[in-house]
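Shown next, in structure tokens, is the structure this report addresses.
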Amino acid sequence: MYKLFDLIEKHGEHEEVVVCYNKHVGLKAIIAVHNTTLGPALGGTRMWNYTSDEDALIDVLRLSKGMTYKAAVAGLNLGGGKAVIIGNPKTQKTEALFRAFGQYVHSMNGRYITAEDVGTDVRNMEWVYTETPWVTGISRALGGSGDPSPFTAHGVFMGMKASVKEKFNADSLKGMRVAVQGLGHVGYHLLAHLVGDGAEVVVTDLDGEKVKKAESEFNVKVAATDKILFSECEVLAPCALGAILNDETIPKVKAKIICGGANNQLAETRHGQVLKELGILYAPDYVVNAGGLMNVFVELETYSKKRALSKTETIFDNATAVFQISKEENIPTNVAADRLAERRIEQIARLRAIHTGQNHRTFGTLKVENR
Ligand code: NAD
């Protein structure tokens with residue numbers, strides 16, 4: 001039997017953990033708010049058939065902390081939060097379940113703002129929206145910003161430009177060989193940017209249809225799914241799975257730069273150090289894949305595609321700042337990204353303490369009272 005509060009304490013200093021239960025609709029969910037120093041906690045709702053309540057709790061604690069860091073490095077006035085719904089997303093989704101969940105989100109009065117994530121989609125968020133305005137990623141028709149993945153891809157491309165500048169002092173990807181693993185929402189949108197900038201692209205996906213489509217639409221080569229990570233190339237762009245950079249794969253990687261959209265690419269934190277020792281520049285995943293989050297942030301203000309795109313362009317500077325810290329302090333880039341996040345949060349917390357004599361929270365530029 002795990003000890004609930006010991007487990008919460010072990011996984012970081014979360015501000016709030018809310019257990020949501022409604023037996024009539026079968027709702028079992030947990031919302032975790034990690035840190036709201038910079039603004040309201042924003043993070044998606046994951047629906048997953050967790051094998052235990054403990055696994056669900058660990059996941060939501062870990063993911064919400066990750067959102068705090070991602071928003072902080074992205075320069076957004078947002079904190080970190082996340083929700084998990086325990087259940088099978090293929091068979092257990094109902095309108096009533098998501099509306100009951102929406103009532104819990106509403107009861108948090110804007111301290112937590114939700115969005116879609118693995119196992120949930122726009123339709124589910126629209127059910128949540130019937131109970132609370134504290135939800136993003138809803139359809140364009142309802143005033144939302146729609147699919148975030150083109151913005152994620154644009155941000156990854158900006159991170160890649162910053163990486164080639166850092167590694168090769170190059171201003172474009174012209175003539176560089178880029179290997180893309182995964183042609184889903186992010187990977188596919190990334191192709192247009194890469195090809196448009198003159199890169200020589202090699203792709204793969206488990207889904208042969210996506211590969212065929214990429215081949216016919218763009219001038220790309222194809223690699224086998226078990227070979228792509230080890231392609232002879234300047235840049236490797238993982239856009240499929242997490243934990244692909246591990247003890248087994250890293251020694252075989254030939255790329256000089258790793259920069260892609262996939263979450264949690266390093267199997268363990270220590271793999272950042274391994275990459276550094278090999279002279280491979282790793283653009284930390286949460287720094288370069290923040291474009292989707294930036295897009296929903298703009299949705300919380302007054303949505304403008306132009307503004308969302310110009311925000312994603314800041315990822316070039318964010319990645320450059322991370323590389324700078326990594327060099328100055330002789331630390332791996334993944335550790336440098338965490339430091340950048342922690343410093344921003346500390347500075348803003350201190351600023352508040354000085355100016356107000358208390359830890360007063362403004363929600364930055366967000367018109368939270370209008371939602
Ligand atoms: P997706 O499900 O649309 O695409 C993933 C693709 O990867 C699929 O086409 C799948 O067939 C392929 N794939 C899976 N395993 C593979 C393998 N072993 N080899 C080759 N291809 C494989 O997902 P997505 O929305 O494109 O997201 C991709 C990654 O980026 C995920 O890790 C996601 O968490 C992360 N991410 C996405 C966004 C976003 O805006 N969609 C934002 C931030 C981070």
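Atoms within a ligand are numbered from 1 in the order they appear, just like the ligands themselves.
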I need the atoms of ligand 1 closer than 4.0 Å to a non-hydrogen atom of [X], numbered in the order shown.
X: Ala240; value: 7 (O), 13 (N), 14 (C), 16 (C), 22 (C), 29 (C), 31 (C), 32 (O)
X: Ser149; value: 40 (O), 41 (N)
X: Gly261; value: 30 (O), 35 (C), 36 (N), 44 (C)
X: Lys210; value: 8 (C), 9 (O)

Which protein non-hydrogen atom lies closest to [atom], naming both residue and atom, and how far is it?
atom: atom 25 (O) of ligand 1; result: His185 CB, 3.6 Å
atom: atom 43 (C) of ligand 1; result: Asn289 O, 3.6 Å
atom: atom 27 (O) of ligand 1; result: Val186 CG2, 3.9 Å
atom: atom 34 (O) of ligand 1; result: Asn263 ND2, 2.9 Å
atom: atom 4 (O) of ligand 1; result: Gly184 CA, 3.1 Å

Original post:
Is the shortest N/O to N/O distance between Thr204 and ligand 1 below 3.5 Å?
Top reply: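 No: no nitrogen or oxygen of Thr204 is under 3.5 Å from one in ligand 1.
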**OP:** Answer side chain, backbone, both or neither: which part of Leu241 comes under 4.0 Å from ligand 1, heavy atoms only.
**Re:**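 It is the side chain that touches ligand 1; the backbone stays farther off.
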Original post:
Should the proximity of Thr152 to ligand 1, defined as any heavy atom under 4.0 Å, be assigned to the side chain, the backbone, both, or neither?
Top reply: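 Answer for Thr152: side chain.
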For a quick check under 3.5 Å, do [X] and [Y] share a side-chain donor-acceptor pair by atom type?
X: Asp338; Y: Tyr286; answer: yes
X: Ser64; Y: His34; answer: no
X: Ser326; Y: Thr333; answer: no
X: Thr320; Y: Asp317; answer: no

Got a salt bridge between [X] and [Y], using NZ or NE/NH1/NH2 to carboxylate O under 4.0 Å?
X: Lys212; Y: Glu209; result: yes
X: Glu234; Y: Lys256; result: no
X: Lys174; Y: Asp197; result: no
X: Glu15; Y: Arg111; result: no

Subject >> Plane angle bin for Tyr303 and Phe151 - parallel if under 30°, tilted between 30 and 60°, otherwise perpendicular >> reply: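 Phe151 vs Tyr303 ring planes: perpendicular.
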Subject >> Separation between OG1 of Thr114 and CZ of Phe98, rounded to the nearest 0.5 Å >> reply: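 Going from OG1 on Thr114 over to CZ on Phe98, the span is 9.5 Å.
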Original post:
Can you check whether a protein heavy atom sits less than 4.0 angstrom from atom 2 (O) of ligand 1?
Top reply: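 False for atom 2 (O) of ligand 1.
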Original post:
Is there a heavy atom in Cys239 that sits closer than 4.0 Å to ligand 1?
Top reply: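 For ligand 1, residue contact (heavy atoms, under 4.0 Å) with Cys239 is present.
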Subject >> Shortest heavy-atom approach to atom 10 (C) of ligand 1 - which of Asp117, Asp205, Leu206 >> reply: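 Nearest option to atom 10 (C) of ligand 1, by heavy atoms: Asp205.
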